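The structure presented is a predicted model; accordingly, all values stated were derived computationally and were not measured. Sequence lines set the chain letters: A, B, ... in the order given, protein chains first and strands last, and positions in each chain run from 1.
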Protein chains: 2
Amino acid sequence: MTVSNRRGVALDRVLELVVVLGEDMTRSLAVEGLTASRAHLLWELGRNGPSTQRAVADSLGVSARNVTGLVDGLVATRFVTREPHPSDRRATLVTLTEHGMATFAQLDRGQEELAQLLFSSMPAHQVDAFVDTLDHVLARLRDQLPPGPAGTR
Amino acid sequence: MTVSNRRGVALDRVLELVVVLGEDMTRSLAVEGLTASRAHLLWELGRNGPSTQRAVADSLGVSARNVTGLVDGLVATRFVTREPHPSDRRATLVTLTEHGMATFAQLDRGQEELAQLLFSSMPAHQVDAFVDTLDHVLARLRDQLPPGPAGTR
DNA sequence: TATTGTTATACTCTATAACTATA
DNA sequence: TATAGTTATAGAGTATAACAATA
């Protein structure tokens, strides 16, 4: 441990959680044939329905060019299709295929299962206290952050 | 929120923390002229001292080829140098420059400051309870994980 | 023979800038 | 004139495989 006091230990644990959770999700997604970025896009489509690439770029907080590449990849792997926009011939509506919708549902179920795995054996009051502490930490982080644009969500 | 119950909320907060903390660290590192991967390498050197690329590859859990590239980048930006290994002429010792050492010290200080920012206004018992909960969550995640190699730390 | 690090090659994610088609 | 999405170009991170130098 680099920081030896109580608060340093807390931060160390948080950073460890970031690493372990990231590895866990990357592994799960790879099984579905997805990368983290593509899964994020798929997730937005599952929540918002068919979307223009512009809307996707804004919600993910990445460049339009990047979205072109991500959609190319998801089209090649049959998760989404590009459909014509009904009223704007410049735009395309990125749309989940059956496979894409099924995968979205599966990711959603996986998240529920993960929540159960992590917290099911914990008493409600402890979960609530944990959430309160996380809210506190998130508020501190946001206070420090620049008021810039940054991807929503 | 996709999961509406108490435990789903807890997981949502954790995932949010992962995102926000990741953005915060990426921003801080960019100021120093580092990427996350290069900072990770620099961190290992700061903790372990001069190391062969093979040792670095093992501690980061990445390929030897990747380390060649990361070290190339850190050499170009003057954070490290490649020094001959005293007894093995195949190997190089990746070594922090003065600038690299100063940057490592600064990252270390930054982590302490972050710990203070996040937890200083919190009573000790709450910090302890938070750490206990994180330990519980980490244990659950590890139980589920494959016993594979994976990068340490 | 085995190991260290490189070159060769390839894929993903990311960005900016220039350009086409359409609003 | 402004917007949606593509092509062109570029850099970082990642990987495997083949290879050279050395152990």
Taking [atom1] from [X] and [atom2] from [N], how many angstroms apart are they, rounded to a whole number?
X     : N      : atom1 : atom2 : answer
A:R82 : D:dA4  : CZ    : C1'   : 12 Å
B:L60 : D:dA15 : CG    : C1'   : 15 Å
A:D72 : C:dT12 : CG    : P     : 10 Å
A:D88 : D:dA2  : CG    : P     : 17 Å
B:L42 : D:dG13 : CG    : P     : 13 Å
A:L74 : C:dT12 : CG    : P     : 11 Å
B:E23 : C:dT14 : CD    : P     : 12 Å
B:R90 : D:dC19 : CZ    : C1'   : 15 Å

Report which part of the nucleic acid [X] touches: base, sugar-phosphate, or nothing (heavy-atom distance under 4.0 Å, all strands).
X     : value
A:V62 : sugar-phosphate
A:R65 : base
A:S87 : sugar-phosphate

Counting C-beta onward and ignoring hydrogens, is there a side-chain heavy-atom pair between [X] and [Y] closer than 4.5 Å?
X      : Y      : value
A:T52  : A:V94  : no
B:L15  : A:M25  : yes
B:L114 : A:L141 : yes

Is the phosphate of [N] approached by [X] (side-chain N or O, under 4.0 Å from OP1 or OP2)?
X     : N      : value
A:Q53 : D:dT6  : yes
A:R54 : D:dT3  : no
B:S63 : D:dA15 : yes
A:T68 : D:dG5  : no
A:N66 : C:dC13 : no
A:R38 : C:dC13 : yes

What about B:F104 and B:F79, are their ring centers closer than 6.0 Å? no
Nearest 0.5 Å, what's the CD-OG1 distance between B:E83 and B:T92? 9.5 Å
Please compare A:R89 and A:L70 by the position of their nearest nucleotide in DNA chain C and report the one closer to 5'. A:L70
